[in-house]
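Accompanying notes for the structure given below.
As the structure is a computational prediction, the values presented were derived from the model and not from experiment. Reminder, nothing fancy here: chain letters follow the sequence lines and each chain counts from 1.
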Amino acid sequence: MDMKTVESKWQQRWEKTKENNFNRKNMDNKYYVLEMFSYPSGAKLHVGHWYNYGPSDTFARFKKMQGYDVFQPMGFDAFGLPAENYAIKTGIHPKDSTEQNIATMEKQLKAMGAMFDWSAEVKTCEEDYYKWTQWMFLKLYEKGLAYRKEAPVNWCPSCNTVLANEQVQEGCCERCGTPVVKKDLTQWFFKITDYAEELLSGLDTLDWPEKTKLMQRNWIGKSVGCEIEFECESGDKFKVFTTRCDTIYGVSYVVLAPEHPLVKKLVSDEQRAAVEEYIDKTAHTDEIERLSSSREKTGVFIGHYAINPVNGKKVPIYAADYVLYSYGTGAVMGVPAHDERDFAFAKKYGLPVTKVIENKNGETVLPFTEDGICVNSLQFDGRFGEEARTEIANYLTKIGKGERKVNYRLRDWLVSRQRYWGAPIPVVHCPKCGVVPVPVKDLPVKLPYNVEFKPDGKSPLAKSDEFMHTKCPHCGGDALRDPDTLDTFVCSSWYYLRYPDAHNAKEPFDPEIVNKMLPVDKYIGGAEHACMHLLYARFFTKALRDMGYLNFDEPFKSLVHQGVILGPDGNRMSKSKGNVISPDEYVSVYGSDVFRMYLMFGFSYTEGGPWSDDGIKSVAKFLDRTERLILKIKDEKGKETGMNAAEKELDYVRNNTIRQITRDVEVFSFNTAVARLMEFVNALYKYDGLENKNIPFLKACAKDLNLLLAPFAPHFAEELWEACGGKYSIFDQKYPVCNESALVREETEYAVQVNSKIKGKLMIAKDMKREDIEEFVLKSDLVKPLVEGKAVKKFIVVPGRLVNIIL
RNA sequence: GCGGAUGUGGCGAAACUGGCAGACGCGCCGGACUUAGAAUCCGGUGGGCAACCUUGCAGGUUCAAAUCCUGUCAUCCGCACCA
């Protein structure tokens with residue numbers, strides 16, 4: 001088959017007849033298949049795109065043939081750093097390069113032949129999209145979920161610019177290698193932490209890979225503990241957070257994060273110089289180093305003391321950078337006997353180590369960090385673990401010195417970017433009115449084209465007078481726009497809501513439509529987004545639900561991660577390693593169907609693996625073989641001759657194939673599904689080679705094969721379908737359904753074991769009773785000589801599989 | 001350091017809930033067709049002469065273990081002082 005001609009023939013026909021477009025009349029029967037949209041950084045599709053989209057399209061087509069109205073859209077996540085960096089390097093404007101790349105990728109995606117509904121295409125860099133991204137920002141602001149505060153950002157002192165986290169590699173600037181420092185800037189944040197608990201508990205309702213759910217759980221990092229108030233000699237009070245309030249009688253010092261305001265307030269005159277030096281040093285240590293657990297702990301005594309609320313003991317206060325200001329209260333009680341970090345710190349600074357927990361099962365080796373029995377803890381002595389914590393927490397509450405408290409590691413989402421190629425933040429800074437949101441009627445705040453985007457320490461937009469100067473929407477006076485743009489993850493946090501209503505000019509989406517079309521039934525994309533995109537999108541969905549726009553809690557009911565296709569050398573593909581495989585070369589030789597089918601057959605979908613050429617020829621061979629077979633059978637003539645043994649055997653393979661493929665595709669086990677197709681073709685060849693054939697039956701089997709193959713090799717199957725006189729389109733036909741009765745065999749082959757060792761096989765009739773099986777087996781020629789004269793101790797029958805005789 | 005995953009022929013990989021390890025394919029070997037090659041078709045293919053051995057390694061549970069348990073090694077991924 002000349003695949004080039006065949007592919008373009010059907011791609012045109014599908015487009016002309018709108019075969020792939022979703023019809024809104026069918027929303028009640030919808031099935032929403034979504035692949036993570038493309039980032040148009042390079043011009044061409046790489047193997048990763050194909051691996052994501054090809055097999056997923058097979059899944060979508062399979063669902064369609066099962067009778068669902070499948071909605072499978074595609075679009076582009078078009079804002080972002082790579083386009084801007086490319087612009088800085090080449091001088092080509094991000095808008096121009098992005099549009100160019102999108103045009104090329106659209107063409108290639110269409111040539112892939114996936115059933116994308118292009119009428120719902122979305123590009124995040126276009127005004128009619130980012131207008132609504134800005135709308136999202138305003139809604140979150142209105143709800144109190146967007147706020148501004150001063151926060152440390154990554155700053156490259158050489159490039160004189162802020163860097164995104166992704167641009168910091170091992171503490172250094174990705175471009176020039178200069179160590180990155182922290183710098184405080186006023187930034188916009190989204191209050192994702194408001195949803196920490198629901199983002200955590202909602203995971204239990206999702207059909208997602210366990211690993212991904214676990215990563216989100218760890219990222220959210222819930223910990224249940226206690227906040228305890230310490231009073232200083234000065235009368236100032238501060239709180240510490242601990243999950244181990246049962247160790248409170250072992251406190252030998254307390255630590256404040258160096259940024260904690262009380263440090264500067266309480267420091268004694270003798271210690272002032274040392275403490276200030278320490279604070280300064282901390283500020284200049286980059287975060288990666290500071291957060292390394294292997295680093296030796298440092299700190300400084302501030303010359304002041306605090307009182308332990310349970311026993312009145314006076315303990316020294318230290319400032320130390322192993323305590324993070326951003327987590328909990330920014331203060332910690334030091335219990336060296338029962339915490340490894342405190343233990344190391346206490347050893348270094350000569351602080352006392354007091355044992356207050358005893359190991360229940362043996363010797364107590366300090367630091368002992370497991371649950372144990374309280375000692376040296378006054379009235380709580382003898383209490384164990386959780387019981388001790390409850391009683392001590394209750395006691396602290398009673399004396400007004402503490403309370404139960406839940407903390408999360410999750411931080412609010414910093415969305416400001418001092419970058420050009422993104423959606424401008426829709427607020428105005430007015431000297432009189434302060435921060436004023438841009439009214440919805442004035443959206444979009446357009447991103448100007450003529451901007452100097454070379455980095456020099458300021459947001460590129462800040463240098464555009466045309467952009468910056470505006471009137472305050474509130475008082476009408478002169479005001480300035482916000483010069484920052486939104487993180488691109490904001491754009492991708494809601495695109496799945498735009499697709500079903502992609503051309504709505506009045507609102508981001510019609511809730512009525514979206515509530516019917518969502519949630520996404522199957523979402524497919526890389527695992528690298530576990531704690532970013534997949535978390536942000538969930539947050540957006542929940543926030544929009546609480547604003548009354550959505551009536552569901554989770555955007556992606558079911559999620560699959562494809563694996564990674566590595567270079568032939570087993571490394572990740574990269575230009576510098578020279579191991580990049582270009583799909584185009586293979587597609588032009590073998591065609592898109594063969595390429596996609598090889599991706600399905602050669603790898604376990606969720607694993608991926610190193611690329612190899614060897615298998616691709618075998619898939620081409622298989623399709624050739626199938627084509628010859630189907631065309632030959634089409635022209636064969638003969639009468640119905642009934643279902644004899646050979647027909648029953650073929651019918652068994654046929655129905656077993658249907659059953660297995662249906663199961664396999666459902667769970668993205670494409671490699672085994674293709675293997676089943678191959679088995680079916682082999683069985684058909686075998687039957688076709690017989691003298692006496694039931695031709696009408698054979699034709700029916702060949703028709704099933706054609707249908708079964710359609711989702712895997714869409715152009716190829718459509719062409720054969722037409723050649724055999726089938727009605728257009730094959731994708732509007734019903735996928736074959738397994739006839740269970742064909743799978744019931746009169747006799748089943750049993751494995752026969754004696755003393756658990758395989759001795760041979762026996763055919764046993766399907767309705768034979770247990771006792772009869774025993775008698776039959778023991779008297780068989782196979783077993784008789786092996787058991788003669790020995791006593792049968794046990795006779796095990798696993799129905800349909802094996803018997804095991806224990807002597 | 002913590003958490004998770006993976007480890008099966010020469011290669012890519014299969015194996016439901018503990019029940020015949022290696023489906024399907026590549027490669028290789030042999031044969032048919034052919035002047036010859038390509039293509040195609042048929043047969044064989046874990047190791048060992050054999051009894052037997054074989055799912056990273058060492059134990060254990062079981063009539064039965066790739067699968068469950070304990071320990072151990074290797075590789076990959078995620079988080080990394082979160083009190």
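- Listed pair A/Y322 / B/A83 fails the phosphate criterion, with no side-chain N or O lying under 4.0 Å from OP1 or OP2.
- The partner of B/C26 is B/G10, judged by Watson-Crick or G-U wobble contacts that both fall below 3.5 Å.
- Ring pair A/F301/A/Y318 is tilted by interplanar angle, where 30° to 60° counts as tilted.
- Ring geometry, A/Y51 versus A/Y605: the interplanar angle falls from 30° to 60°, so the pair is classed tilted.
- With both ends at atom P, the span from B/C2 to B/G71 equals 13 Å, rounded to whole Å.
- The residue A/G760 sits apart from the nucleic acid: no heavy atom pair falls under 4.0 Å.
- Rounded to an integer number of Å, the gap from CG of A/N218 to P of B/C77 is 18 Å.
- Among the protein residues, A/L802 comes within range of the nucleic acid bases, having at least one heavy atom under 4.0 Å from a base atom.
- Between the side chains of A/T193 and A/D412, a donor-acceptor pair is found at a separation under 3.5 Å.
- Applying the 3.5 Å distance criterion, the base of B/A23 shares a donor-acceptor pair with the side chain of A/R676.
- RNA chain B is contacted by both A/M678 and A/I806; A/M678 maps to the nucleotide lying nearer its 5′ end (nearest heavy atom per residue).
- Across all strands shown, A/T242 has heavy atoms under 4.0 Å from sugar-phosphate atoms exclusively, and none from any base.
- A salt bridge links A/R745 with A/E649: at least one charged nitrogen is closer than 4.0 Å to a carboxylate oxygen.
- Remark: the separation of the C1' atoms in B/C26 and B/G60 is 39 Å, to the nearest Å.
- Across all strands shown, A/Q753 has heavy atoms under 4.0 Å from base atoms, whether or not it also approaches the sugar-phosphate.
- Of the N and O atoms on the side chains of A/T282 and A/Y325, not one donor lies less than 3.5 Å from an acceptor on the other residue.
- Using C1' as the reference atom, B/C11 and B/A58 are 29 Å apart when rounded to the nearest Å.
- Across all strands shown, B/U55 forms no Watson-Crick or G-U wobble pair with both key distances under 3.5 Å.
- A 3.5 Å limit on both hydrogen-bonding distances identifies no Watson-Crick or G-U partner for B/A36.
- Nucleotides B/G56 and B/C76 are separated by 15 Å at their C1' atoms, to the nearest Å.
- When the side-chain nitrogen and oxygen atoms of A/T672 are compared with OP1 and OP2 of B/C24, none of them lie within a distance under 4.0 Å.
- Taking atom P in both B/A21 and B/G30, one finds a spacing of 31 Å when rounded to whole Å.
- Note on A/E749: a base of the nucleic acid sits closer than 4.0 angstrom, heavy atoms only.
- Nucleotides B/G7 and B/U17 have their P atoms positioned 16 Å apart, rounded to a whole Å.
- With hydrogens and angles ignored, a donor-acceptor pair closer than 3.5 Å exists between the side chain of A/R801 and the base of B/C16.
- For B/U62, there is no paired base (Watson-Crick or G-U wobble, both distances below 3.5 Å).
- Put simply, the side chain of A/K617 and the base of B/C26 share no donor and acceptor less than 3.5 Å apart.
- Among the protein residues, A/R572 comes within range of no part of the nucleic acid, since none of its heavy atoms lies under 4.0 Å from any strand.
- B/U75 and B/A5 make up a base pair, with Watson-Crick or G-U wobble contacts both under 3.5 Å.
- For B/G4, the base adopts the anti conformation, since its glycosidic angle falls more than 90 degrees from zero.
- B/A21 makes up no base pair with any nucleotide shown, lacking Watson-Crick or G-U wobble contacts both under 3.5 Å.
- Separating the C1' atom of B/A23 from that of B/C16 is a span of 14 Å, rounded to the nearest Å.
- Note on A/G602: only backbone sugar-phosphate atoms sit closer than 4.0 angstrom, heavy atoms only; bases stay farther off.
- Rounded to the nearest Å, the gap between the C1' atom of B/A83 and that of B/G4 is 24 Å.
- Under the 30°/60° scheme for interplanar angles, the aromatic rings of A/W413 and A/Y536 are found to lie parallel.
- For A/K621, no side-chain nitrogen or oxygen approaches OP1 or OP2 of B/G25 to under 4.0 Å.
- Taking side-chain N and O atoms only, A/R217 has no distance below 4.0 Å to OP1 or OP2 of B/G3.
- A/N308 and A/Y249 share no donor-acceptor pair across their side chains, judged by distance under 3.5 Å alone.
- As judged by a 4.0 angstrom heavy-atom cut-off over every strand, A/I796 is placed among the base-contacting residues.
- The base-pairing partner of B/C41, taking Watson-Crick or G-U wobble contacts with both distances under 3.5 Å, is B/G31.
- Using a 4.0 Å cut-off, some side-chain N or O of A/N682 falls inside it from OP1 or OP2 of B/G25.
- Residue A/N671 places at least one side-chain N or O under 4.0 Å from the OP1 or OP2 atom of B/A14.
- In terms of phosphate contacts, A/S756 brings no side-chain nitrogen or oxygen within less than 4.0 Å of OP1 or OP2 of B/U62.
- Residue A/F601 is in base contact, counting any heavy-atom pair closer than 4.0 Å across all strands shown.
- A ring-ring contact (aromatic ring centres under 6.0 Å, His included) with A/Y598 is found for one member of A/Y586, A/F622, A/W50, A/W611 and no other, namely A/W611.
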